[in-house]
Amino acid sequence: MNYKSFNESLLSWYYEVRRDLPWRQTNDPYKIWLSEVMLQQTQVKTVIPYYNRFIDKYPTLDSIADESSENLLKEWEGLGYYNRIRNFHEAVKEVKSSYHSKVPDNLNEFLKLKGVGPYIGGAVQSIAFNHRVAAVDGNVLRVMTRLTEDDRDISKQKTITSIKEHIETFMPIFAGDFNQAMMELGATVCTPRIPKCVTCPVQSYCESFKNNTVNQYPFKKKSKAKKEYYYNIYLILNDNNEVYLYKETDDLLQGMYKFPKYDIDTSIENIEDKLNLTLSSLTEPIGEEKHVFTHKVWYMNIYVVYTKDKNDHFVPLSNVRDLPMSVAMQKVYKYIDETI
DNA sequence: CATTCGTGGTA
DNA sequence: TTACCAAGAAT
């Protein structure tokens, strides 16, 4: 393959059609980095409002480094993969204290930071500093495996590393534009289903198009079935118009607030002991909710119970919205708005 | 290396 | 409804 003319075809297409995304309006490495953290496993359309809110509220690296982790988690609420913001917060604090608030423009230094892996490393170093490093995401894997009829399993790290090294043998000096062009091609033309090969700017270089095997790529081994979990969720109200909440520290959704959540075979007496509360007798659940995660499913029965007790776990109903809560718990909380 | 981490959208 | 996917990283 003539990579020189491939690069020219790809880049001239990109300069003509590229979308005007918010993070393309800046050269600030901090902002580009933040956008890449938000974009992992998350669609552009979902990220845009979060990115704009963050930049509005935290315009500089120092401003986000100085914010509390709980406020950041609240801003991240609904975006998912909450460890991303925890790691990013740690990383920017490290940049502030050890790098004079300047994002390292050295790949190996940058990769030492929390939450910075091969993709974000390549993306930020190429886009912000124009270093010649590949940024290999799901789009790029799809484009490359189709271009070269690569049968390897793209869920394996070895395959990703190999493709990254291959790209770095031919990518041009316009590294940031090249990486974004590859991703843009995957996102808008070389799409997972019904790719637009007819209008593809690099169709003439594509082995799978030539052999009519595009739909065989990329190959990925099938994911395991999701495990199912059955819980009772308790909305515990006292006579101060307060509801019981706790901050998760061990399980899924760390740092987020949850209503008491127990396996369905846990007795109400057992729960009273664990929470040190005296609860009203249990009636029928007021609702059921299903929440699907990447790798598990929660089935939740929602109960309302009352108590005369008060302690630090009780939050006024008017303040619950100020705390970070996952979408699963928001589904539960809506029963308070609707039925109480 | 395989598994674990959210959420919303689509066919 | 079910399965897969989206600018992946930590463990």
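We name chains A, B, ... by the order of the sequence lines, and we start the count at 1 in each one.
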**Report entry** Distance, rounded to the nearest Å, where A/E248 contributes CD and B/dC5 contributes C1'
**Finding:** 13 Å

Query raised in the report: Between the side chains of A/Y81 and A/Q40, is a donor N or O closer than 3.5 angstrom to an acceptor N or O?
Result: no

Query - side-chain N/O A/K156 vs B/dA2 OP1/OP2, d < 4.0 Å - result: yes

Query raised in the report: Do you see a donor-acceptor pair shorter than 3.5 Å between the side chains of A/H291 and A/K331?
Result: yes

Query - Atom-pair distance (CD1 on A/I167; P on C/dA7), nearest Å - result: 15 Å

**Report entry** Pair A/Q216-A/E149, side-chain donor/acceptor within less than 3.5 Å
**Finding:** no

Requested in this report: In whole angstrom, give me the gap between the P atoms of B/dC5 and C/dA7.
Outcome: 23 Å

Requested in this report: May I have the distance from A/N87 (atom CG) to C/dT11 (atom P), rounded to whole angstrom?
Outcome: 7 Å

Report task. Could you state the atom-to-atom distance from CE of A/M329 to P of B/dG6 in whole Å? Result -> 12 Å

**Report entry** C/dC4 versus B/dT3 - spacing of their P atoms, nearest Å
**Finding:** 15 Å

Give every pair of a protein N or O atom and an N or O atom of nucleotides 7-11 of chain B that lie under 3.5 Å apart, one pair per line with the distance.
| unit_1 | atom_1 | unit_2 | atom_2 | d |
| --- | --- | --- | --- | --- |
| B/dT7 | OP1 | A/Y82 | OH | 2.7 |
| B/dT7 | OP1 | A/V327 | N | 2.9 |
| B/dT7 | OP2 | A/H291 | NE2 | 2.8 |

Query - Cationic tip of A/K261 above A/Y231 ring, under 6.0 Å, 45° of axis - result: yes

Query raised in the report: With a non-hydrogen cut-off below 4.0 angstrom, is A/S223 in contact with a base, only sugar-phosphate, or nothing?
Result: sugar-phosphate

Requested in this report: Classify the nucleic acid contact of A/W23 as base, sugar-phosphate or nothing, counting any heavy atom under 4.0 Å across all strands shown.
Outcome: base

Query raised in the report: Atom CZ of A/R84 to atom P of C/dA10: distance rounded to whole Å?
Result: 13 Å

Query raised in the report: Residues two or more places apart in sequence or in another chain: which of them pass side chain to side chain contact (heavy atoms under 4.5 Å, CB included) with A/E248?
Result: A/Y246, A/D250, A/D251, A/K258

